[in-house]
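Please read the structure below before turning to the comments.
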Amino acid sequence: MIDQILSSENPYKLSRDVKEFMLLKELRELTDFHYRQCLPYQRILDKTSAKIEVNELTELPFLPVQLFKMLDLFSMPEEERFKILNSSGTTGQQVSRIHIDKLTSEMQTKALNLIVRSYLGKKRLPMIIADTNLLKNRSQFSARLAGTIGFSQFGHHHLYLFDEDMKLKEAELLEFLQKYKGEKIFIFGFTYIIWEFLLNNFKRSNRILDLEGSILIHGGGWKKLQNQAVSDGMFRDLLKEQFNISQVYDYYGMVEQVGSIYMQCEHGHLHTPDFADILIRDEETLKPVPYGTEGLIQVLSILPRSYPGHSLLTEDRGTILGEDDCECGRKGKYFIVHGRLPKAEARGCSDTFTLT
């Protein structure tokens, strides 16, 4: 089934009943597989009396996403490890370590390709990467580097917009824009970097740049912007004002489920692809809540084969707005993210799963 889904041209075509049946079957099999292959995962499920044989997606056992900052969790022999992904984090912070084999890596790449191509089209576009060239230093395979590598496959003649000191390379940018004048350009970057180092750079100097027809995909770093009271609408408005960009797509994702990103549609809603889903749980009881109710986001994905990351409870608050009926025409659930739990609350969730 997963091969069929990843070979499709539309990652948003399965209706609710078909998708739930497929996901339940695949996720039950993954839970059983990881239970047998990953001893720490087995101990966690045993200690919490979690069920493997379940009849509803809401009954699937889940791990708090922050457990990957505390434990090395993988379900493969050491010799099959292909790479380790590290989450972003400031100096001194614990970061998640995600163990990937070649099969999981290939499926993550196919999944990302399927989603992004449905927005950009099949043709590779001249590409601006709103970052410094992280490929020069691969000492740590971070989420930021993984994201850049993943999205760079959709472009050609990549221009890295900043030097190593995050100073804008204006001469190279103007030369690039002149070279591809009249062509559609793909711009990718992390939300906070675009805001702080690109948008504010032009705003402070009271300059504008016409990038009409460009497509911008961005994600990550919303926590810093929300601390500055920057909303999605404000971000979009400023991009239109400074750069005349109207095609702007945010995405929600995490290193613990690479490939299973949730892209924003033209109406500002994040969408679940056919191979992934979300549930919303009450912050106190962790019981599932109805659509339209805010709570903790649980992410589900059939991609993680090398580690037990197929059912994770995040530290993010969100609300499911509906399913199969978004005005954009994409099937599946669509939702919004409100922000992250305070750290004191987030630690409380992981305490439930601490091993002794």
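Numbering of residues begins at 1 and proceeds along the displayed sequence. Scope of the values below: all heavy atoms of this structure, side chains included, with no hydrogens, waters or symmetry mates.
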Review item, side-chain donor-acceptor pairs of residues 288-295, under 3.5 Å, at least two apart:
unit_1 : atom_1 : unit_2 : atom_2 : d
Tyr291 : OH     : Glu323 : OE1    : 2.5
Thr293 : OG1    : Pro290 : O      : 3.3

Inset, instruction - Indicate the atoms forming the closest heavy-atom contact of Ser87 with Ser96, along with that distance. - result: OG-N, 2.8 Å

Legend entry - Asp163 backbone acceptor or donor facing Thr132 side chain under 3.5 Å: yes

Legend entry - Heavy atoms of other groups near Leu103 CG, more than 12 under 6.0 Å: yes

Legend entry - Lys122: partners by side chain to side chain donor-acceptor pair (under 3.5 Å), with sequence neighbours left out: Glu9

Inset, instruction - Starting from the C-alpha separation in whole Å, work towards a yes-or-no answer on ring pair (Phe, Tyr, Trp, His ring centres under 6.0 Å) for Phe243 and Phe202. - result: CA-CA 9 Å; Phe243 302 127; Phe202 276 81; 5.1 Å; yes

Legend entry - Any pair counted as salt bridge (charged side-chain N to carboxylate O under 4.0 Å, His left out), so long as it reaches residues 95-112, sequence neighbours left out: Asp72-Arg97

Legend entry - Straight-line distance of Phe68 CZ to Gln66 CD, nearest 0.5 Å: 10.5 Å

Legend entry - Whether Lys169 side chain and Tyr160 backbone form a donor-acceptor pair below 3.5 Å: yes

Legend entry - salt bridge (charged side-chain N to carboxylate O under 4.0 Å, His left out) pairs, two or more places apart, involving residues 174-186: none

Inset, instruction - Look at the aromatic rings of His310 and Tyr41 and report parallel, tilted or perpendicular, splitting at 30° and 60°. - result: perpendicular

Legend entry - Steps toward salt bridge (Lys or Arg N to Asp or Glu O under 4.0 Å) verdict (Asp316, Arg340): CA-CA 4 Å; Asp316 300 315; Arg340 187 161 291 187; 3.2 Å; yes

Inset, instruction - Of all the heavy-atom pairs spanning Gln298 and Ser311, show the shortest one and how long it is. - result: NE2-OG, 2.9 Å

Inset, instruction - Tell me who clusters with Phe74, hydrophobic residues only, linked when side chains sit under 4.5 Å apart either directly or through other members. - result: Met76

Inset, instruction - Indicate, with yes or no, if Ile217 and Ile149 share a hydrophobic cluster defined by side-chain heavy-atom contacts under 4.5 Å among Ile, Leu, Val, Met, Phe, Trp and Tyr. - result: yes

Inset, instruction - Would you please test Thr314 and Tyr252 for side-chain contact (heavy atoms from CB on, under 4.5 Å) and show each step? - result: CA-CA 12 Å; Thr314 75; Tyr252 174 67; 3.7 Å; yes

Legend entry - Of all pairs that satisfy salt bridge (charged side-chain N to carboxylate O under 4.0 Å, His left out), the ones with a partner from residues 255-266, not counting sequence neighbours: Glu266-Arg330

Inset, instruction - For Arg204, enumerate each residue passing the salt bridge (charged side-chain N to carboxylate O under 4.0 Å, His left out) test, keeping only those at least two apart in sequence or located in another chain. - result: none

Legend entry - Interatomic distance, Asp277 atom CG to Leu24 atom CG [nearest 0.5 angstrom]: 11.5 Å

Legend entry - Backbone N/O of Phe186 and side chain of Ser214: donor-acceptor pair under 3.5 Å: no

Inset, instruction - Could you check if a side-chain atom of Glu241 sits within less than 4.5 angstrom of a side-chain atom of Ile208, using non-hydrogen atoms only? - result: no

Inset, instruction - Considering only Ile, Leu, Val, Met, Phe, Trp and Tyr, and joining two whenever side-chain heavy atoms are under 4.5 Å apart, list the other residues clustered with Leu321. - result: Tyr334, Ile336

Inset, instruction - Please name the pair of heavy atoms, one in Asn10 and one in Ser8, separated by the smallest distance, quoted to 0.1 Å. - result: N-OG, 3.0 Å

Legend entry - salt bridge (charged side-chain N to carboxylate O under 4.0 Å, His left out) contacts in which one or both residues fall within residues 302-314, not counting sequence neighbours: Glu26-Arg305

Legend entry - hydrophobic_cluster_shared for Val18 and Tyr12, side chain cutoff 4.5 Å: yes

Legend entry - N/O donor-acceptor pair under 3.5 Å between Glu59 side chain and Asn55 backbone: yes

Legend entry - Gln108 (side chain) donor-acceptor with Leu303 (main chain) under 3.5 angstrom: no

Legend entry - Side chain Arg81, main chain Ile100, donor-acceptor under 3.5 Å: no

Inset, instruction - Write down the atom of Phe335, the atom of Ile320, and the distance for their closest heavy-atom approach. - result: CB-CA, 3.8 Å

Legend entry - Pair Phe235 and His218, ring centroids less than 6.0 Å apart: yes

Legend entry - Closest non-hydrogen atom pair between Trp195 and Met234, with its separation: CH2-SD, 4.3 Å

Inset, instruction - Keeping the roles fixed (side chain from Lys19, backbone from Ala276), state whether a donor-acceptor pair exists under 3.5 Å. - result: yes

Inset, instruction - Specify the closest pair of heavy atoms between Ala50 and Pro61, including all atoms of both residues, with the distance to one decimal. - result: CB-CB, 3.7 Å

Inset, instruction - Determine whether Leu120 and Ile215 make a side-chain contact, defined as any pair of heavy atoms from C-beta on separated by less than 4.5 Å. - result: yes

Inset, instruction - Tell me yes or no: between the side chains of His156 and Arg124, is some donor less than 3.5 Å from an acceptor? - result: no

Legend entry - Residues Asp282, Lys287: salt bridge by 4.0 Å N-O rule: no

Inset, instruction - Go through the structure and list residues passing side chain to side chain donor-acceptor pair (under 3.5 Å) with Asn201, not counting sequence neighbours. - result: Arg207

Legend entry - Leu300 with Phe33, same ILVMFWY side-chain cluster at under 4.5 Å: no

Inset, instruction - Quick one: pull up CG in Leu198 and CD1 in Ile187 and give me the separation to the nearest 0.5 Å. - result: 8.0 Å

Inset, instruction - Examine distances only and state if a side-chain atom of Glu20 and a backbone atom of Asp17 form a donor-acceptor pair shorter than 3.5 Å. - result: no

Inset, instruction - Check the hydrophobic clustering (I, L, V, M, F, W, Y; side-chain heavy atoms under 4.5 Å; chains of links allowed) and say if Leu239 and Leu209 are grouped together. - result: yes

Inset, instruction - Could you list the residues that satisfy side chain to side chain contact (heavy atoms under 4.5 Å, CB included) with Asp274, not counting sequence neighbours? - result: Ile5, Lys13, Leu14

Legend entry - Test side chain to side chain donor-acceptor pair (under 3.5 Å) applied to Glu56 - qualifying residues, sequence neighbours left out: none

Inset, instruction - Answer yes or no: is there an ion pair linking Asp32 with Arg28, defined by an N-O contact shorter than 4.0 Å? - result: no

Legend entry - Side-chain donor/acceptor of Gln264 to backbone N/O of Asp250, under 3.5 Å: yes

Legend entry - Candidate pair Lys47 and Arg43, rule side-chain contact (heavy atoms from CB on, under 4.5 Å), full reasoning: CA-CA 6 Å; Lys47 184 175 180 180; Arg43 288 173 174 169; over 6 Å; no

Legend entry - Phe190 and Phe197 aromatic centres sub-6.0 Å: no

Legend entry - pair Tyr262-Ile115: side-chain heavy atoms closer than 4.5 Å: no

Legend entry - His34 NE2 to Leu73 CG distance, which is reported to the nearest 0.5 Å: 10.5 Å

Inset, instruction - Just say parallel, tilted or perpendicular for the rings of Tyr180 and His157, cut-offs at 30° and 60°. - result: tilted

Inset, instruction - Find out whether Asp46 and Tyr35 are in side-chain contact, i.e. whether some heavy atom of one side chain is under 4.5 Å from a heavy atom of the other. - result: yes

Inset, instruction - Would you give the length of the straight line joining atom CD of Glu53 to atom OG1 of Thr31, rounded to the nearest 0.5 angstrom? - result: 9.5 Å

Legend entry - Under 3.5 Å donor-acceptor, Thr48 side chain and Ile44 backbone: yes

Inset, instruction - Calculate, to the nearest 0.5 Å, the distance between atoms CG and CD1 belonging to Leu27 and Ile52 respectively. - result: 13.0 Å

